[in-house]
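Take a look at the structure set out below.
Remember, predicted model here, so these are calculated numbers, not experimental data.
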Amino acid sequence: MSAVPLGRGATSREGSADPRPLTPDPHPLVLGTRGSPLALWQARHVAGRLEAAWPGLGVRLEVIRTTGDKIQDVPLAKLGGKALFVKEIEEALLDGRVDLAVHSMKDVPTDLPAGLHILAIGEREDPRDVLISRTGTRFGDLPRGARVGTSSLRRQAQLLHHRPDLEIVGLRGNLDTRLRKLHSEGLDAIVLAAAGVRRLGLFDRVTEVLPPELSLPAIGQGALGIEVRAPGAGGRGPGIGRVVEVLDHADTHAAVEAERAFLRRLEGGCQVPFAAHAEVERGRICLRGLVALPDGTRLVRGERQGEARDGHAIGTALAEELLGRGAREILQRILPGTQS
């Protein structure tokens, strides 16, 4: 692990700080993060918001190299999934080496280690996927047999569902690496999350923003979560909760919780193409979800609406509905012996 210098960021839009003063603490909060350019941007962004919300607060970044960062030549589904991007950071939280961690919520498993919880989820960035093509060609106009790079079974299944003629090429690495591979590996296009492209100031490279009807986003895509030790788990006192919770964006939190409830009920892991995206407006939530075969030949999708406060139940109910409409058979085909 190594420390990274930090500059102040923008004032939080999610909420204002509690007017009660913080107990003076000469030691800065230590924020655990991965070391990729995007992860560092996200960590600095959150640290800057905390410092702006709490004048006098210091935050120091601690870079932690995760298993997912170390192994770049094996598909995530074979490695054990995106949990490999948070495992070592959560270990550092549990043993007190860091006080909080920032994660892309799409990387966070639905079941957290005992003693940890997601205290705040910040306002969501654009949750959609984007296509970046070598020649500026849009998805529908890509030549027959075009080579499209993606690391995601979710994207693969949906792209092949609409264009079974495409050749999907596995694509690992950070965002800059994937952009280089667009040319170095002779790909016609790559598909990435819009949020990361926007955050790194590379949106001018985007050929097309893919609508959810074509590529429904991943659970939690575009949202940043702040993970801390649960009360009573040791480390900094309960004051850290008061510090962090000002960054929580209630509508985003409700949406992501509904999406994660959908995923939790399906219990399919990283080997199954899942997607879910929720939107909250005026206290109402609309959740869309899907389950597919990796080759895109079968895809089951659905939608549920209701009160935002019932998001967890809505996510579970949508999963149950899709299981009854064919998702159970998809899961059993991909994961023989599953009992969902």
Quiz item: Are side-chain heavy atoms of F274 and L290 found at a separation under 4.5 Å?
Solution: no
Quiz prompt | Side chains of D176 and L202 in contact at under 4.5 Å (non-hydrogen atoms) | solution = yes
Quiz item: Looking only at atom types and distance, does a side-chain atom of E245 sit under 3.5 Å from a main-chain N or O of L119, one as donor and one as acceptor?
Solution: no
Quiz prompt | Donor + acceptor pair across side chains of T150, S152 (<3.5 Å) | solution = no
Practice problem: Look at R97 together with E90 and state whether they make a salt bridge at an N to O cut-off of under 4.0 Å. | Solution: no
Quiz prompt | same_hphob_cluster(V280, L263) at 4.5 Å side-chain heavy-atom cutoff | solution = yes
Quiz item: Is it true that a side-chain atom of R325 and a backbone atom of R301 form a donor plus acceptor pair closer than 3.5 Å?
Solution: yes
Self-check item: Evaluation steps, side chain to side chain contact (heavy atoms under 4.5 Å, CB included), between I226 and I118
Solution: CA-CA 6 Å; I226 304 176; I118 300 296; over 6 Å; no
Quiz item: Do you know which two heavy atoms are closest between V86 and D107, and how far apart they sit?
Solution: CG1-O, 3.9 Å
Quiz prompt | salt_bridge(K87, E91) N-O dist < 4.0 Å | solution = yes
Practice problem: Check whether any side-chain heavy atom of V209 sits under 4.5 Å from a side-chain heavy atom of F203, and report yes or no. | Solution: yes
Quiz prompt | Test: R65 and E88 ion pair at under 4.0 Å | solution = no
Self-check item: Pairwise distance CG(L187) to CD1(I168) - rounded to 0.5 angstrom
Solution: 10.0 Å
Practice problem: Locate the shortest heavy-atom distance separating A92 from I64; write the atom from each residue and the value. | Solution: CB-CD1, 3.6 Å
Self-check item: Under 3.5 Å: donor-acceptor pair, side chain of R134, backbone of A189
Solution: no
Exercise. Kindly give the heavy-atom pair with the smallest separation between G289 and F262, and that separation in Å.
Key: CA-CZ, 3.9 Å
Quiz item: Would you say the side-chain atoms of T316 pair up with the backbone N or O of H312, donor to acceptor, closer than 3.5 Å?
Solution: yes
Self-check item: Atom pair CZ/CD1 of R180 and I190 - distance to nearest 0.5 Å
Solution: 11.0 Å
Quiz item: When you look at E329 and R333, which way does the salt bridge (charged side-chain N to carboxylate O under 4.0 Å, His left out) test go after all the steps?
Solution: CA-CA 6 Å; E329 288 75 16; R333 182 166 167 183; over 6 Å; no
Quiz item: Between L171 and K181, is any pair of side-chain heavy atoms under 4.5 Å apart?
Solution: yes
Exercise. Drop me the distance from L166's CG to R147's CZ, to the nearest 0.5 angstrom.
Key: 12.0 Å
Quiz item: Does V191 share a hydrophobic cluster with L175, counting links as ILVMFWY side-chain heavy atoms below 4.5 Å and allowing steps through other members?
Solution: no
Quiz item: Do you know which two heavy atoms are closest between A292 and V272, and how far apart they sit?
Solution: O-CG1, 4.5 Å
Practice problem: Without swapping roles, check the side chain of D248 against the backbone of I121 for a donor-acceptor pair under 3.5 Å. | Solution: yes
Quiz item: How about Q42 and R199: does a side-chain donor come under 3.5 Å of a side-chain acceptor?
Solution: yes
Self-check item: Cluster overlap L322 with I285, hydrophobic side-chain contacts below 4.5 Å
Solution: yes
Exercise. Before giving the answer on side chain to side chain contact (heavy atoms under 4.5 Å, CB included), spell out for S133 and D188 the whole-Å C-alpha distance, their side-chain angles and the decisive distance to 0.1 Å.
Key: CA-CA 6 Å; S133 67; D188 294 286; over 6 Å; no
Quiz item: Taking all non-hydrogen atoms of both residues, which atom of I330 and which atom of V291 are closest, and how far apart?
Solution: CD1-O, 3.7 Å
Exercise. Say whether W41 and V59 are linked into one hydrophobic cluster, either directly or through other cluster members, by side-chain heavy-atom distances under 4.5 angstrom.
Key: no
Practice problem: Please determine, by modelled atom types, if R154 and Q221 share a side-chain donor-acceptor pair under 3.5 angstrom. | Solution: yes
Exercise. Before accepting this row, confirm whether a basic side-chain N of the pair E51/R49 lies closer than 4.0 Å to the acidic partner's carboxylate O.
Key: no
Quiz item: Do R44 and L61 have side-chain heavy atoms sitting under 4.5 Å apart?
Solution: yes
Quiz item: Looking at CD of Q156 and CG of L293, how far apart are the two atoms once the value is rounded to the nearest 0.5 Å?
Solution: 11.0 Å
Practice problem: State whether the side chain of H249 and the backbone N or O of G122 hold a donor-acceptor pair below 3.5 Å, judged by distance alone. | Solution: no
Exercise. Please report the closest heavy-atom contact between L266 and L331, naming both atoms and the distance.
Key: O-CD1, 3.7 Å
Quiz item: Taking only residues two or more places apart in sequence, or in another chain, which ones meet R260 in a salt bridge (Lys or Arg N to Asp or Glu O under 4.0 Å)?
Solution: none
Quiz prompt | salt bridge (charged side-chain N to carboxylate O under 4.0 Å, His left out) assessment of E259 paired with R124 | solution = CA-CA 13 Å; E259 296 162 15; R124 200 172 213 160; 2.9 Å; yes
Quiz prompt | No-hydrogen, no-angle side-chain donor-acceptor test under 3.5 Å, N174 and S36 | solution = no
Exercise. For residues V169 and V148, determine if any side-chain heavy atom of one lies less than 4.5 Å from a side-chain heavy atom of the other.
Key: no
Exercise. Would you check if the side chain of D126 reaches a backbone N or O of A194 as a donor-acceptor pair within less than 3.5 Å?
Key: no
Self-check item: Sole candidate of I89, D99, V46 that passes side chain to side chain contact (heavy atoms under 4.5 Å, CB included) when paired with L31
Solution: V46
Practice problem: Could you walk me through whether T137 and T207 pass the side chain to side chain contact (heavy atoms under 4.5 Å, CB included) test, one step at a time? | Solution: CA-CA 7 Å; T137 305; T207 304; 5.9 Å; no
Quiz item: Taking atom CD1 of I314 and atom CZ of R309, what is their separation to the nearest 0.5 Å?
Solution: 10.0 Å
Exercise. Check whether any side-chain heavy atom of L335 sits under 4.5 Å from a side-chain heavy atom of Q271, and report yes or no.
Key: yes
Quiz prompt | For E208, side-chain contact (heavy atoms from CB on, under 4.5 Å) partners two or more places apart | solution = L131, R138, F139, L210
Exercise. Spell out, yes or no, whether V130 and L216 are grouped together once hydrophobic residues are joined by side-chain heavy atoms under 4.5 Å, including indirect joins.
Key: no
Practice problem: Find the distance between CG (L224) and CE (M105) and round it off to the nearest 0.5 Å. | Solution: 9.5 Å
Quiz prompt | Side-chain heavy atoms of L93 within contact of R229, under 4.5 Å | solution = yes
Quiz item: Has the side chain of R205 got a donor or acceptor atom that lies under 3.5 Å from a matching backbone atom of L179?
Solution: no
Self-check item: R288/E213 ion pair, N-O < 4.0 Å
Solution: yes
Exercise. Walk me through it: do L40 and V63 pass the test side chain to side chain contact (heavy atoms under 4.5 Å, CB included)?
Key: CA-CA 8 Å; L40 289 173; V63 173; 3.9 Å; yes
Quiz item: Any chance the side chains of E227 and H103 put a donor and an acceptor closer than 3.5 Å?
Solution: yes
